Structures are given as structure tokens and as C-alpha cells.
Amino acid sequence: MSPAVTITGLHKSYGDLEVLKGIDCEVEAGEVVCIIGPSGSGKSTLLRCVNLLEQPDQGSVVVEGVELTDPDVDLNAARRGVGMVFQQFNLFPHLTVLENLTIAQRKVLGRGKAEAEGVAKANLKRVGLAGREGSYPAKLSGGQQQRVAIARALSMEPGVMLFDEPTSALDPELVGDVLSVMRQLAQEGMTMLVVTHEMQFAREVADKVLFMDGGSVVEEGPPGQVIGNPQHERTKSFLARVLNPNHQD
């Protein structure tokens, strides 16, 4: 079986700033890969290159056997297999929760109203928000909005889910609800690429952790190794600060 996601030699620059310096990464089907590292290390750019929200300068991205970086690819069709959950929930404020979950199903997948609503309700139940179909985003907490955003991505039935720091905009007490939904998805065998600073989540849920710094993958391996027993000085100093914020270098 070929990997669900294969990233090869990925480079991305903004002007003179090289943000990704030749990233290679494979994600097996059903695997959870957590990407950690300091701000500005290229983590979010890497994720955005996977579904071509950012166009890489060179290198290739293959998702479920389709090369998204092929100039001839039907990008809209290929992107359907990749769900994305952002830091800011990106819900349509003027639409109800149900409408937020059905609009892309109907426009992109061509589902009828009844089918789209059935899928939406099933996914709201999955994220613990059954009964909130008629609410508007402004009436929901940040954690609930993020769970709606996850349900919306799931409603497109993607083979791969991308999460870009999904809890960083949330109040601390709301983080747990979102992480528990992500844990459940991992247990269900969803292939996930997660940019996160939640080290406990990465430790518990990830099959593999990538530590990025300065546009490169410095260290990768199982969480027990990368977080529990890092080999590189850069990884060690980052984790010392993150796991022990009062630590003085």
C-alpha cells in the first residue's frame, strides 16, 4: 500500500525568505502525524502546501495516489479528499450551523438537500453538537465553533484531515473538547496531519512527530523519542521552553 500522503523535496519562498527548505515526509493511511516547532518554522506553510492553498516553488505532494502538484491535475477534485481545519474557524457568520455544513456538500459534491443534511447531522453528533443545527456561529463558544468546523470538513468525507493549530485561538478551558474530538477521529483511523503546540496531545495521539525549525525537519520519529528523548540540541531547547515555561536558558 502506498502512503496516504507523500511530500517530496518541498520548497517554498516568499521573496527572499525561504520558508520551506526541501521537506520530505510520508504519512501512512490511518496515521496521525503531529508537526511541532517554534513560530515561523514553516509548519503552517507546509500544511497549506499539502492542499495547495499555497503553491510550492518546487517538489511534489501526492495525496491518495493523486499528485496535487501536477500542473494538469483537476485541483478541485483532488482537494475534495483533503479536509482542512484552520486556527480561525472560517465559518460563514450569516449561515446557520446546518447551512455551514451543507453548502459545500451541495455545491461541490452535488448532494441533494436531504442527503447533505443527513450527513451534516451525523457529523454534528460525532463532534458532540447534535441539536445545534439552527444556531448561528456567533451564538456558539470558540470551542463549539471549532467543532462545527471539524464537522464541516468531515461532511466532505475526506481521506486526509489537516489541522492547523486548531486550538490556539481557544480559551484554555475549551481546548479539551476539541482535542477529544480529534482523539476520537484518530481512534476511528482518520489519517491526520496536525500542526500543534499541545505536547500532551502529540505525545498521546501521534504515531509520528516532526520537529521543524527554520524551514527544515530537524527531527522525526515516534513521540516517545522526539518529545520524550530528543536527540538534537534545537529540539531539546524548544521542548525545555514549551514543557517548562519558567525554565531559564
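Along the sequence shown, residues are numbered consecutively beginning with 1. The structure presented is a predicted model; accordingly, all values stated were derived computationally and were not measured.
The shortest distance between side-chain heavy atoms of L53 and F86 falls below 4.5 Å. Between M212 and V217 the shortest side-chain heavy-atom distance falls below 4.5 Å. Between L91 and Y136 the shortest side-chain heavy-atom distance does not fall below 4.5 Å. Residues V19 and Y14 meet the side-chain proximity criterion, which asks for heavy atoms closer than 4.5 Å. Using a 4.5 Å heavy-atom threshold, the side chains of L98 and K121 count as touching.
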>> Apply side chain to side chain donor-acceptor pair (under 3.5 Å) to residues S60 and E67 and explain how you reach the verdict.
In response: CA-CA 7 Å; S60 70; E67 188 189 332; 4.9 Å; no

> What do the steps show when you test K113 against T102 for side-chain contact (heavy atoms from CB on, under 4.5 Å), and what is the final call?
Replying inline: CA-CA 8 Å; K113 184 169 188 267; T102 53; over 6 Å; no

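Pairs engaging residues 47-57 under the salt bridge (charged side-chain N to carboxylate O under 4.0 Å, His left out) rule: R48-E54 [sequence neighbours left out]. Listed by first and then second residue, the side-chain hydrogen bond (donor to acceptor under 3.5 Å, both in side chains) pairs that reach into residues 211-232 are D213-R234, E219-T235, sequence neighbours excluded. For residues 71-96, no residue pair satisfies the salt bridge (charged side-chain N to carboxylate O under 4.0 Å, His left out) rule, not counting sequence neighbours. Pairs passing the salt bridge (charged side-chain N to carboxylate O under 4.0 Å, His left out) check and including a residue from residues 129-140, sequence neighbours excluded, do not occur.
If you chain together hydrophobic residues whose side chains sit under 4.5 Å apart, L129 and M182 fall into the same group. Linking Ile, Leu, Val, Met, Phe, Trp and Tyr whenever their side-chain heavy atoms come within less than 4.5 Å puts L170 and V148 in one cluster. Note: the hydrophobic cluster containing V82 does not contain L154 (ILVMFWY, side chain heavy atoms under 4.5 Å, direct or indirect links). Under the 4.5 Å side-chain heavy-atom criterion for ILVMFWY residues, no single connected hydrophobic cluster contains both V194 and L47. Placement of L193 and V218 in two distinct hydrophobic clusters is found when ILVMFWY residues are connected by side-chain heavy-atom separations under 4.5 Å, directly or transitively.
For the side chain to side chain donor-acceptor pair (under 3.5 Å) test, no residue two or more places apart in sequence or in another chain qualifies with S41. By the salt bridge (Lys or Arg N to Asp or Glu O under 4.0 Å) test, K107 is found to be paired with no residue, residues two or more places apart in sequence or in another chain being considered. By the salt bridge (Lys or Arg N to Asp or Glu O under 4.0 Å) test, E157 pairs with R111, sequence neighbours left out. Residues meeting the salt bridge (Lys or Arg N to Asp or Glu O under 4.0 Å) test with R106, sequence neighbours left out: none. The salt bridge (Lys or Arg N to Asp or Glu O under 4.0 Å) search around E198 returns none, not counting sequence neighbours. Partners of E188 under the side chain to side chain contact (heavy atoms under 4.5 Å, CB included) rule, at least two apart in sequence or in another chain, are R126, Q184, L185.
The two residues V127 and A151 have their closest heavy-atom pair at CG2-CB, 4.0 Å. Across all non-hydrogen atoms, the minimal contact from P158 to G83 is CB-N, 3.4 Å. Residues L10 and C49 come closest through the heavy atom pair CD2-CB, 3.7 Å. When all heavy atoms are compared, the tightest approach of L75 to L52 is CD1-CD2, 3.8 Å.
Under a 3.5 Å cut-off, the side chain of T69 and the backbone N or O of V61 do form a donor-acceptor pair. Checking side-chain atoms of K43 against main-chain N and O of P38 turns up a donor-acceptor pair under 3.5 Å.
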Enumerate, atom names and distances included, each donor-acceptor pair closer than 3.5 Å involving a side-chain atom of residues 25-37, sequence neighbours excluded.
residue, atom, partner, partner atom, Å
E31, OE1, E28, N, 2.8

If you look only at distance, which donor and acceptor atoms sit under 3.5 Å apart when one is on a side chain in residues 159-166 and the other is two or more places apart or in another chain?
residue, atom, partner, partner atom, Å
D164, OD1, S44, OG, 2.7
D164, OD2, S44, OG, 3.2
E165, OE1, H197, ND1, 3.3

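Other residues, nucleotides and ligands contribute more than 12 heavy atoms inside 6.0 Å of the NZ atom of K236.
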